[in-house]
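Numbering of ligands and ligand atoms starts at 1, following listing order.
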Amino acid sequence: MTGRLIIASNRIAAPGAPRAGGLAVALADALAERGGGVWFGWSGEVLERETRGVRLFAENNIDFALADLTQAEYDGYYLGYANRALWPVFHYRTDLAHFDEADFAAYEAVNRRFARLLAQFIRPDDIVWVHDYHFLLMGAELRASGWEGRIGFFLHIPFPAPEVFASLPQHHRLARSLCSFDLVGFQTERDTANFRRYLVEQLGAQLLDDGTIQVADRSLRADTFSIGVDPDDIARAAESDEARSAAGRLGRITENRALVIGVDRMDYSKGLPQRMEAFGRMLDDHAELHGGVSFLQIAPPSREAVDAYQDLRQQLDQLAGRINADYADLDWMPIRYLARSYSRDALAGLYRLSRAGIVTPLYDGMNLVAKEFVAAQTADDPGVLVLSEFAGAADQLTAALLVNPHDIAASADAIYRALTMPLEERVERWQDMIRSVRDQDIGWWRRSFLAALDAAVVPA
Ligand code: ADQ
């Protein structure tokens, strides 16, 4: 392994900006660990017509290469194909998907333009690591531009069952492009198995004994690399001044009531209405808890230009309003629903304060909030995690209270169980979960992916 690491992702953590997300820090660390490299992606800027070519910034050993999007590209590639077609289909919401040829053309054009920009500054011994569903065509486009070196791809969201993936009119194109990579990584064994089955059934792939997949004249590997968090960093964040201050502010309002917390981007995949209904159902069933428990849901709006997201916002406003109207009293508000984001440190403080974390997506690649919640707890008085069986994290956090988020009654029972669980059982379950969070942390994720990519055999 000699060359530089080149990372391509739709959004990048620009130099100088705070690296809020664990993923941004992890990728910056991956570049630093290899002694430098390039992080290439969208600058986050949308220009009316013309773009400015790649702008380069250096920070320590990392070169950041930023490309802009035009308004038409942003509409078609980002809002259109990525977020109105790929995101819903990959999360099993074909009912919300818009299949628009013009959007696909924009998606293809941006993948092609970005691949050509990238091809200008990669050197033969570099390795390239492409991220997520925005860049499914990057493999084919990089090969078309003449690049023969190693390229790996990691999908952060689920890879759906082949029958569902095949609802995308361009599924063959997308899958063939994925076969242009040397290594394709997924969050869970189920995702990897779905991809392999698709390749066998639709593209006539052969699965060889050594794990290689042979598709026409290409061979690649597909494997599972479950993304993790940095548990020590989160534990430190939970002790920070900001964490204490956030917990103090909230604690003054909730007083000695048990706190249940949910933290999500406002997205229809996260199961937010079902979760509020489950909390309401628990209040229906347990009058003894009235006045004694508060549910805090933090959910900053995202992708507001997409209709389905506006509908969700309305639905949540109504549900929270209804449940509060039914149950609130002069000195008690059952649901506090905040449509804004908080810093990592503040969130860690709120997780630590909470008796239960509810992470109940209808479908989710991994869900880092589940792992962050576990990492923020203390060993002597840990909170309980209520986790959807359809989050990738459920494969590892088997000691959580696992629920089917569509089953409102069962979810309500799980919240009740979390709130009334004896200390001994809470500690036992937490010990089990924190072990897995520590064993497969964010460093393990990036090192195991890069080791597998380094080991990938590149045809001479
Ligand atoms: P997301 O869908 O964004 O990510 P998730 O993994 O839960 O989902 O969250 C990513 C990060 O955003 C977490 O670090 C979390 O702390 C932060 N975050 C979430 N809500 C927040 C809020 N209200 N305020 C501030 N910060 C908040 C995609 C996939 C996931 C996959 C990740 C990483 O959809 O399945 O786990 O990528 O691969």
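Of the heavy atoms in Leu368, both backbone and side-chain atoms come closer than 4.0 Å to ligand 1. With a 4.0 Å cut-off on non-hydrogen atoms, Leu347 touches ligand 1 through its side chain and not its backbone. Contacts between Trp87 and ligand 1 below 4.0 angstrom, taking non-hydrogen atoms only, involve the side chain exclusively.
In summary, the atoms of ligand 1 found under 4.0 Å from a heavy atom of Tyr342, numbered by their order in the structure, are 24 (N), 25 (C). For ligand 1, the atoms closer than 4.0 angstrom to any heavy atom of Pro300 are 22 (C), 23 (N). Annotation for ligand 1: atoms under 4.0 Å from non-hydrogen atoms of Gly365 are 35 (O). Residue Val263 approaches ligand 1 through these ligand atoms, each under 4.0 Å from one of its heavy atoms: 20 (N), 21 (C), 22 (C), 23 (N). Near Asp264, meaning under 4.0 Å from one of its heavy atoms, ligand 1 places the atoms 20 (N), 23 (N). Annotation for ligand 1: atoms under 4.0 Å from non-hydrogen atoms of Ser341 are 24 (N), 25 (C).
The aromatic rings of His171 and Phe165 sit perpendicular, their planes meeting at an angle over 60°, well past the 30° parallel limit. Classified by interplanar angle (parallel below 30°, tilted 30° to 60°, perpendicular above 60°), the ring pair Phe159/Phe195 is perpendicular. Note: Phe154 and His156 have perpendicular aromatic rings, judged against thresholds of 30 and 60 degrees for the angle between ring planes. Below 30°, between 30° and 60°, or above 60°: for Phe390 and Tyr363 the angle between ring planes is below 30°, a parallel geometry. Ring orientation note: the planes of Phe40 and Phe114 are nearly perpendicular, at an angle over 60° on the 30°/60° scale.
Side-chain atoms of Asp182 come within 3.5 Å of backbone N or O of Ile151 as a donor-acceptor pair.
For the residues Lys371, Glu372, Gln187, His131, the heavy atom positioned nearest atom 13 (C) of ligand 1 is part of Glu372. The option with the heavy atom closest to atom 34 (O) of ligand 1, from among Asp364, Leu338, Ile298, is Asp364. In this structure, of Ile442, Ile157, Val369, the residue bringing a heavy atom nearest to atom 19 (C) of ligand 1 is Val369. Around atom 1 (P) of ligand 1, the closest heavy atom drawn from Met366, Arg340, Lys270 belongs to Lys270.
Two residues are said to be in side-chain contact when any heavy atoms from C-beta on lie closer than 4.5 Å; Ile408 and Ser411 fail this criterion. Using a 4.5 Å heavy-atom cutoff, the side chains of Val89 and Tyr133 are not in contact.
Taking distance alone, with nitrogen or oxygen atoms compared against 3.5 Å, His156 approaches ligand 1 more closely than that limit. By the 3.5 Å distance cut-off applied to N or O atoms, Arg265 is counted among the residues near ligand 1.
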**OP:** Give the intermediate values and the outcome of salt bridge (Lys or Arg N to Asp or Glu O under 4.0 Å) for residues Asp233 and Arg236.
**Re:** CA-CA 5 Å; Asp233 188 53; Arg236 261 194 309 274; 3.5 Å; yes

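For Tyr337 and Phe295, the ring centers are positioned 6.0 Å apart or more.
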